[in-house]
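Structure first, then comments.
Counting starts at 1 for both ligands and their atoms, following the listed order.
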Amino acid sequence: TRSTRPQRLLGAVQKNATRGDPCSVIQAIDHFCRNKEWAMNVGDEKGCILDAVVSEVNPATVLELGTYCGYSTVRIARLLPPDAKLITLEFNPDFAAIARQVIAWAGLEEKVQLVEGASGDWIPRMKEQFGVKTFDLVFLDHWKDRYLPDTKLMEECGILRKGSVLLADNVICPGTPDYLEFVRNSPRYESQYFKSHLEYTKVEDGLEKSVFLG
Ligand SMILES: Cn1ncc2cc([C@H](O)c3cccc(CNC(=O)c4cc(-c5ccc(F)cc5)cc(O)c4O)c3)ccc21
Ligand SMILES: [Mg+2]
């Protein structure tokens, strides 16, 4: 039977990237998506903004909502200090299977815990299951209508601390209007918009960085 796009993306990584070299994995995926098949990775342009925020926060604990093929997982994990931990949630088993192999090809398995399941089910279990008290950085890139409910859930579960940074992809395209209105108007967040473009296109998109004020 015909392969899937994630399978073809993994093939491009295994063919063109060097094992243990995260930058070559990132380049191989960006080349594949720009020249062969578009895929919904955060991409190179928004990826540079993601890199800057990760470097600024220098997080010990990161939560990623929506792994997909692991592109942003690799982008983030490659910048983390040695004993930092990235937990990434993926509910789609086919995406999870590809992402595990992409993360392994980059040699970043030690820093990444990929959990198969839905954000709503796992956010309440972070403390007991993984011994994580709070997250220094959360990258939101899953279903756009889940950004707001999951942010409220993270607050309720106490996994955000004063200064925790939320970085949300696609706030313009496909768009997350309810989330944007919330973080921009809530007194409990200091929000900033980073204008960019939808991955591999000229369409406007951007990242919203929101600092939880406790
Ligand atoms: C609950 N829960 N918990 C974990 C979890 C994980 C997932 C999956 O990883 C998953 C599956 C399908 C879709 C997404 C969201 N991503 C998008 O929909 C998206 C679209 C576009 C775009 C833009 C323009 C187009 F024309 C078409 C697609 C550009 C982008 O960067 C995207 O991130 C995420 C889902 C729910 C989950
Ligand atoms: Mg996205």
Side-chain angles (χ1 to χ4, degrees), residues 4-10 26 29-30 32-34 36-51 53-54 62-77 86-103 112-126 129-130 132 135 137-157 159 166-180 183 193-210:
T4 66
R5 182 167 304 184
Q7 284 170 332
R8 294 192 291 273
L9 181 150
L10 173 62
I26 293 163
I29 294 172
D30 285 331
F32 174 79
C33 292
R34 204 173 279 286
K36 300 279 190 325
E37 300 184 62
W38 186 92
M40 61 178 180
N41 315 118
V42 73
D44 45 357
E45 191 180 314
K46 288 185 288 179
C48 284
I49 300 166
L50 172 61
D51 290 356
V53 172
V54 173
V62 183
L63 176 61
E64 176 178 61
L65 304 179
T67 316
Y68 187 40
C69 295
Y71 175 89
S72 49
T73 320
V74 168
R75 279 205 88 109
I76 297 166
L86 191 168
I87 297 174
T88 184
L89 302 185
E90 179 49 62
F91 92 104
N92 180 313
D94 300 323
F95 293 170
I98 297 298
R100 287 189 201 286
Q101 296 174 80
V102 168
I103 293 159
V112 176
Q113 171 122 36
L114 194 161
V115 178
E116 273 188 58
S119 50
D121 299 333
W122 280 96
I123 285 168
R125 301 171 58 189
M126 280 297 146
Q129 205 70 32
F130 304 107
V132 176
F135 287 95
L137 174 67
V138 181
F139 182 56
L140 298 92
D141 196 21
H142 59 334
W143 286 331
K144 308 315 163 193
D145 61 1
R146 290 296 314 176
Y147 284 26
L148 182 52
D150 284 347
T151 297
K152 290 179 174 172
L153 187 58
M154 287 189 282
E155 282 185 30
E156 286 153 24
C157 296
I159 64 174
L166 304 185
L167 189 64
D169 189 26
N170 310 117
V171 296
I172 304 299
C173 176
T176 64
D178 59 344
Y179 173 80
L180 221 37
V183 290
Y193 175 58
F194 292 85
K195 183 178 163 116
S196 183
H197 295 92
L198 176 70
E199 49 266 29
Y200 318 114
T201 77
K202 292 185 166 59
V203 173
E204 182 180 344
D205 189 20
L207 300 173
E208 188 82 1
K209 176 192 169 195
S210 306

Task: Contact atoms of ligand 1, heavy-atom distance to Gly66 under 4.0 Å - done: 6 (C), 9 (O)
TODO: Could you check atom 31 (O) of ligand 1 against the protein and tell me its nearest heavy-atom contact, residue, atom and distance included?
DONE: Glu199 OE2, 2.5 Å
Open item on the list: Using heavy-atom distances only, which candidate in Phe95, Trp38, Trp122 approaches atom 11 (C) of ligand 1 most closely?
Closed with: Phe95
Open item on the list: If I compare all heavy atoms of Lys46 with all of Ser196, which pair ends up nearest, and what's the gap?
Closed with: CG-OG, 3.3 Å
TODO: State, to 0.1 Å, how close Ile98 and Pro6 come at their nearest heavy-atom pair, and which atoms those are.
DONE: CG2-O, 3.5 Å
Task: The one among Pro174, Cys69, Ser119 that brings a heavy atom closest to atom 2 (N) of ligand 1 - done: Ser119
Open item on the list: Under 4.0 Å between a side-chain nitrogen and a carboxylate oxygen: does that hold for Arg100 and Glu116?
Closed with: yes
Open item on the list: Assess whether a salt bridge exists between Asp141 and Lys144, defined as any Lys/Arg side-chain N lying under 4.0 Å from an Asp/Glu carboxylate O.
Closed with: yes
Task: Among Val203, Asp141, Val115, Asp169, closest by any non-hydrogen atom to atom 33 (O) of ligand 1 - done: Asp141
Task: Donor-acceptor under 3.5 Å (Tyr71 side chain, Val102 main chain) - done: no
TODO: Could you see which bit of Leu198 sits under 4.0 Å from ligand 1, with heavy atoms only: side chain, backbone, both or neither?
DONE: side chain
Task: Any non-hydrogen protein atom less than 4.0 Å away from atom 26 (F) of ligand 1 - done: no
Task: Distance-only side-chain donor-acceptor flag, Asp30 / Tyr200, under 3.5 Å - done: yes
Open item on the list: Using a 4.0 Å cutoff against the non-hydrogen atoms of Ala118, which atoms of ligand 1 qualify?
Closed with: 3 (N)
TODO: Distance to 0.1 Å, residue and atom name: give those for the protein heavy atom nearest to atom 36 (C) of ligand 1.
DONE: Trp143 CD2, 3.4 Å
TODO: Indicate the atoms forming the closest heavy-atom contact of Thr201 with Val203, along with that distance.
DONE: OG1-N, 3.1 Å
- [ ] Identify the protein heavy atom lying closest to atom 4 (C) of ligand 1, giving its residue, its atom name and the separation to 0.1 Å.
- [x] Leu89 O, 3.6 Å
Open item on the list: Quiz question for you: does at least one protein heavy atom lie closer than 4.0 Å to atom 15 (C) of ligand 1?
Closed with: yes
TODO: Taking the Mg ion (ligand 2) as the reference point, name the nearest N/O/S atom of Asp169.
DONE: OD2
Open item on the list: Quick check on the 6.0 Å ring-centre criterion: do Tyr68 and His142 meet it?
Closed with: no
TODO: Angle at the Mg ion (ligand 2): provide the value between OD1 of Asn170 and OD1 of Asp141, rounding to 10 degrees.
DONE: 90°
Task: atom 7 (C) of ligand 1: nearest protein contact (heavy atom, Å) - done: Phe91 CD2, 3.5 Å
Open item on the list: Would you say the ring centers of Phe91 and Trp122 fall short of 6.0 Å from each other?
Closed with: no
Open item on the list: Give me the residue, atom name and distance of the protein heavy atom closest to atom 32 (C) of ligand 1.
Closed with: Asn170 OD1, 3.3 Å
Open item on the list: Going by side chain to side chain contact (heavy atoms under 4.5 Å, CB included), Tyr193 matches just one of Leu180, Ile172, Leu207. Which one?
Closed with: Ile172
Open item on the list: As a check for students: among Glu116, Met40, Lys144, identify the option with a heavy atom nearest to atom 12 (C) of ligand 1.
Closed with: Met40
Open item on the list: I'd like the name of whichever of His142, Glu90, Lys46 reaches closest to atom 9 (O) of ligand 1 through any heavy atom.
Closed with: Glu90
